[in-house]
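Okay, so here's the structure we're looking at.
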Amino acid sequence: MKFENILIEKSEQIATIIINRPTKLNALNKKTIYELGVAFDELKNDDNTKAIVITGSGSKAFVAGADIAEFSDFDVQQGAELAAEGQDTLFDFVQNLETPVIAAINGFALGGGLELAMAAHFRVASSTAKMGLPEVSLGLIPGYGGTQRLPQLVGKGKALEMILTANMLSAEEALKNGLVNYVTEPEDLLPLCYKLAKKITTNSSSAIAAAIRAVNANYDTDKNGYLVEINEFGNCFGTADFEEGTTAFLEKRRAEFE
Ligand code: COA
């Protein structure tokens, strides 16, 4: 599919999605959310993509939130639909994607932008990044999973402080609170993300998918994560990657996964 608001680059089994509306600080309008959903779905089915990095174009913003201009005249029903559709097509989809997604936060990650970064499997921030959920300053609350994922990452007290004050965290504060895993100089952001992604591509894709399912089960009230782990662990023993991984170890060579 030809995209209008995103760019996709591929190199050495790593795909990069660039959200490309710099004049609107990469704000997520409906079309961008749709295109991102399609892009992630396409990459999910691409056997040659083993890790995905998502970032924003320009140096100012990752994503400055959902597009406020687009929903300013919505009613209750339209508001609920906006959140439900977005969660389903993009945010939950990314969280449950079995190809790891790293968010490279290159600037403002606000509202839906931080929610998208939090749906990714982990986050790296540029020292210039600023992160927050400012929805209450607009008479709203986060609608793309932010009230759930932020407490999971930073704890309930810090999450409520951020949501209720609408304050932004600096990159260093985000690092201290566990919201991001690393802070880099702006020019080192993508190289570090690619280094982490490259390491991921050397591991077993089937085991990585199982690990993501098991970790996510902890946050799914319908599932017992320990039981999911037992089943996923057991299933690994039936995979070609398990055979290759253990054989390579015993033969003192590097495993070559499919
Ligand atoms: N939705 C729609 N448009 C947005 C946007 C958003 N979330 N965030 C920024 N933009 C647009 C601005 O309207 C402006 O467009 P214009 O040039 O056509 O007027 C352009 O992006 C640049 O933004 P601007 O506000 O001029 O930049 P700034 O450097 O003065 O401020 C921010 C940067 C991020 C502090 C400010 O843009 C902002 O507060 N954005 C909204 C953040 C937010 O509340 N997000 C949650 C939404 S639920």
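Excluded from the calculations below are hydrogen atoms, water molecules and symmetry mates; all remaining heavy atoms, backbone and side chain alike, are included. Atoms within a ligand are numbered from 1 in the order they appear, just like the ligands themselves. Keep in mind it's a predicted model, so treat the numbers as computed, not measured.
Counting protein heavy atoms under 4.0 angstrom from atom 21 (O) of ligand 1 gives one or more. There is a protein heavy atom less than 4.0 angstrom from atom 15 (O) of ligand 1. For atom 33 (C) of ligand 1, a protein heavy-atom neighbour is present inside the 4.0 Å cut-off. There is no protein heavy atom closer than 4.0 angstrom to atom 26 (O) of ligand 1. Distances from atom 6 (C) of ligand 1 to the protein include at least one heavy-atom value under 4.0 Å. Distance check on atom 12 (C) of ligand 1: every protein heavy atom falls at or beyond the 4.0 Å cut-off.
Within a 6.0 Å radius of CD in Glu244, other residues, nucleotides and ligands contribute more than 12 heavy atoms.
The existence of a salt bridge linking Asp220 and Arg213 is excluded, since no basic side-chain nitrogen approaches an acidic carboxylate oxygen closer than 4.0 Å.
Side chain of Asn26 to main chain of Ser57: a donor-acceptor pair is present (N/O by atom type, distance under 3.5 Å, no hydrogens or angles). Formation of a donor-acceptor pair under 3.5 Å by the Arg123 side chain with backbone atoms of Ala117 is found in this model.
Residues Tyr144 and Phe91 place their aromatic rings such that the two centres sit under 6.0 Å apart.
Side-chain contact check for Phe3 versus Asn20: every heavy-atom pair is 4.5 Å or farther apart.
Note on Leu175 and Met168: separate hydrophobic clusters, where clusters join Ile, Leu, Val, Met, Phe, Trp and Tyr whose side-chain heavy atoms are under 4.5 Å apart, directly or indirectly.
With a 4.0 Å heavy-atom cut-off, ligand 1 is reached by the side chain of Ala27 but not by its N, CA, C or O.
Counting only heavy atoms of the protein, atom 17 (O) of ligand 1 lies nearest to Thr23 O, 4.4 Å. Given atom 4 (C) of ligand 1, the protein heavy atom at minimum distance is Lys24 O, 4.0 Å. At the shortest separation from atom 42 (C) of ligand 1 among protein heavy atoms lies Ala64 O, 3.3 Å. In this structure, atom 23 (O) of ligand 1 lies nearest to the protein heavy atom Leu25 CD1, 3.6 Å. The single protein non-hydrogen atom nearest to atom 35 (C) of ligand 1 is Phe108 CZ, 4.2 Å, given as residue, atom name and distance. Atom 44 (O) of ligand 1 has its closest protein heavy atom at Pro134 CG, 3.5 Å. In terms of protein heavy-atom proximity, atom 1 (N) of ligand 1 is nearest to Ile68 N, 3.0 Å.
Partner of Phe242 under the ring pair (Phe, Tyr, Trp, His ring centres under 6.0 Å) criterion, out of Phe249, Phe233, Phe237: Phe237 alone. Considering Arg149, Gln87, His121 as possible partners of Gln95, the one that fulfils the side-chain hydrogen bond (donor to acceptor under 3.5 Å, both in side chains) test is Arg149.
Residue-ligand proximity, Lys60 to ligand 1, at heavy-atom distances under 4.0 Å covers atoms 27 (O), 28 (P), 29 (O). Atoms of ligand 1 found under 4.0 Å from any heavy atom of Leu138 (numbered from 1 in listed order, with element): 44 (O), 47 (C), 48 (S). Those atoms of ligand 1 with a heavy atom of Asp67 less than 4.0 angstrom away are 1 (N), 2 (C).
Note: an N/O pair closer than 3.5 Å links Ala66 and ligand 1 by distance alone. The distance criterion of under 3.5 Å between nitrogen or oxygen atoms is not met by Leu110 with respect to ligand 1. Taking any N or O of Glu135, backbone or side chain, none lies under 3.5 Å from an N or O belonging to ligand 1.
In plain terms, the two heavy atoms of Met131 and Ile105 that are nearest each other are SD-CD1, 4.0 Å. The minimum heavy-atom distance linking Ile163 with Val136 is given by the pair O-CG2, 3.1 Å. When all heavy atoms are compared, the tightest approach of Gly37 to Phe93 is O-CE2, 4.4 Å.
Under a 4.0 Å heavy-atom criterion, Leu140 is not in contact with ligand 1.
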side-chain contact (heavy atoms from CB on, under 4.5 Å) evaluation trace for Ile102 with Phe122:
CA-CA 5 Å; Ile102 304 172; Phe122 58 89; 3.7 Å; yes
